[in-house]
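Residues take their numbers from the sequence shown, with the count starting at 1. For clarity, every value in this text was computed on a predicted model and none was experimentally measured.
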Amino acid sequence: MGLHSIQEFIKYKRLSKERQGVHSPFLYSLIENVLRGKSAKSLTDRLIDFFDDENVLQLTEKYPAHWEEAYGVLLKDMRQRTVIVIPSIHKSEHHTAAWNRLRNRSEVRMSIDLYNHGLLFYREDFREKKHYTLKYPY
């Protein structure tokens, strides 16, 4: 773990909230049914179980320089309730910078930082753009 990862982890631990700090019914349900799940399945598999297979897209690019290009390809497949899973968002300064650029895009209505993963939501029913940092795993 590099210096950047350690600094980001300290910041993450300081800022992350548990379900009691969340006021959104959608987010509370996501925490209860996905993040707090005791299943041995991966985060992506639990998200697929919760949202349906066609609504969960995973960014598999290992290099953050390619994330935005891959995101552009995924953008064509986005639906009203799409969630994009991005791995290793705090692995390096480049990873964190790419994550921040993606989460700040206009079509992203909610972003969740889980330290090891980032989640981007495209939901027009979210009126305000929101970013959350949540404790994970529980």
Side-chain angles (χ1 to χ4, degrees):
M1 190 182 270
L3 180 60
H4 175 78
S5 293
I6 292 168
Q7 290 171 332
E8 288 295 309
F9 186 73
I10 292 168
K11 185 166 68 172
Y12 166 78
K13 290 301 257 184
R14 192 179 74 242
L15 296 175
S16 62
K17 294 182 180 351
E18 294 184 5
R19 65 184 171 176
Q20 292 85 356
V22 172
H23 301 290
S24 161
F26 168 81
L27 197 51
Y28 190 87
S29 177
L30 181 72
I31 291 168
E32 282 298 304
N33 296 301
V34 178
L35 302 182
R36 288 181 53 105
K38 302 294 183 202
S39 169
K41 291 182 176 181
S42 71
L43 174 63
T44 302
D45 289 338
R46 285 184 278 159
L47 286 165
I48 288 170
D49 289 346
F50 189 70
F51 288 112
D52 294 329
D53 185 36
E54 62 189 34
N55 292 327
V56 178
L57 304 173
Q58 185 162 7
L59 198 67
T60 57
E61 292 293 325
K62 293 187 186 343
Y63 303 104
H66 300 134
W67 284 2
E68 290 172 272
E69 183 180 328
Y71 177 86
V73 172
L74 293 178
L75 194 58
K76 296 174 198 165
D77 294 327
M78 285 173 79
R79 295 173 178 75
Q80 170 52 266
R81 301 202 177 266
T82 295
V83 57
I84 296 178
V85 182
I86 304 174
S88 305
I89 61 172
H90 295 295
K91 184 176 181 177
S92 72
E93 290 179 31
H94 297 293
H95 285 80
T96 302
W99 158 249
N100 286 328
R101 283 192 302 274
L102 288 174
R103 76 180 180 92
N104 286 322
R105 290 183 59 117
S106 62
E107 66 275 0
V108 174
R109 303 307 301 153
M110 179 190 287
S111 58
I112 300 175
D113 181 342
L114 302 172
Y115 185 71
N116 286 322
H117 293 87
L119 305 178
L120 301 175
F121 292 86
Y122 175 73
R123 293 175 62 110
E124 292 176 2
D125 54 327
F126 293 160
R127 291 189 181 99
E128 293 181 29
K129 189 176 187 84
K130 295 281 188 177
H131 174 70
Y132 296 95
T133 303
L134 300 177
K135 288 190 191 279
Y136 179 76
Y138 274 86

Thr133: what forms a side-chain hydrogen bond (donor to acceptor under 3.5 Å, both in side chains) with it, not counting sequence neighbours?
none
For residues [X] and [Y], report the shortest heavy-atom separation together with the two atoms involved.
| X | Y | value |
| --- | --- | --- |
| His117 | Pro87 | CD2-CA, 4.0 Å |
| Asp49 | Lys41 | OD2-NZ, 2.6 Å |
| Lys129 | Val108 | NZ-O, 2.6 Å |
| Arg123 | Phe26 | NH1-CE1, 3.4 Å |
| Tyr136 | Arg46 | OH-NH2, 2.7 Å |
| Val83 | Phe51 | CG1-CD1, 3.9 Å |

Measuring from atom [atom1] of [X] to atom [atom2] of [Y], what distance do you get when rounded to the nearest 0.5 angstrom?
| X | Y | atom1 | atom2 | answer |
| --- | --- | --- | --- | --- |
| Asn55 | Phe121 | CG | CZ | 11.0 Å |
| Leu30 | Arg36 | CG | CZ | 12.5 Å |
| Ser29 | Phe50 | OG | CZ | 3.5 Å |
| Glu107 | Leu102 | CD | CG | 9.0 Å |
| Lys11 | Arg14 | NZ | CZ | 8.0 Å |
| Ile31 | Tyr132 | CD1 | OH | 9.5 Å |

By side chain to side chain contact (heavy atoms under 4.5 Å, CB included), Gln7 pairs with (sequence neighbours left out) Leu3
So, does Ser88 use its side chain to make a donor-acceptor pair with the main chain of Lys91 at under 3.5 Å?
no
Less than 4.5 Å apart, side chain to side chain, heavy atoms only: is that true for [X] and [Y]?
| X | Y | value |
| --- | --- | --- |
| Ile112 | Leu114 | yes |
| Leu74 | Gln58 | no |
| Trp67 | Ile89 | yes |
| Val85 | Leu119 | yes |
| Thr82 | Val56 | no |
| Met110 | Tyr122 | no |

Candidate pair Ser111 and His131, rule side chain to side chain donor-acceptor pair (under 3.5 Å), full reasoning
CA-CA 5 Å; Ser111 58; His131 174 70; 2.5 Å; yes
Apply side chain to side chain donor-acceptor pair (under 3.5 Å) to residues Asn100 and Arg103 and explain how you reach the verdict.
CA-CA 5 Å; Asn100 286 328; Arg103 76 180 180 92; 3.0 Å; yes
Check salt bridge (charged side-chain N to carboxylate O under 4.0 Å, His left out) between Lys13 and all other residues, then give those that pass, not counting sequence neighbours.
none
Given Leu57, which partner from the list Thr44, Ile84, Leu47 fulfils the side chain to side chain contact (heavy atoms under 4.5 Å, CB included) test?
Ile84
Mind checking whether Phe9 and Tyr115 have ring centres under 6.0 Å apart?
yes
Does the side chain to side chain donor-acceptor pair (under 3.5 Å) test come out yes or no for Asn116 and His90, once each step is laid out?
CA-CA 7 Å; Asn116 286 322; His90 295 295; over 6 Å; no
Before accepting this row, confirm whether a basic side-chain N of the pair Arg109/Glu124 lies closer than 4.0 Å to the acidic partner's carboxylate O.
no
Surrounding [atom1] of [X] (heavy atoms of other residues, nucleotides or ligands, distance under 6.0 Å), is the total greater than 12?
| X | atom1 | value |
| --- | --- | --- |
| Tyr63 | OH | no |
| Glu69 | CD | no |
| Glu93 | CD | no |

Grouping I, L, V, M, F, W and Y whenever their side-chain heavy atoms are under 4.5 Å apart, do Leu134 and Phe126 come out in a common cluster?
yes
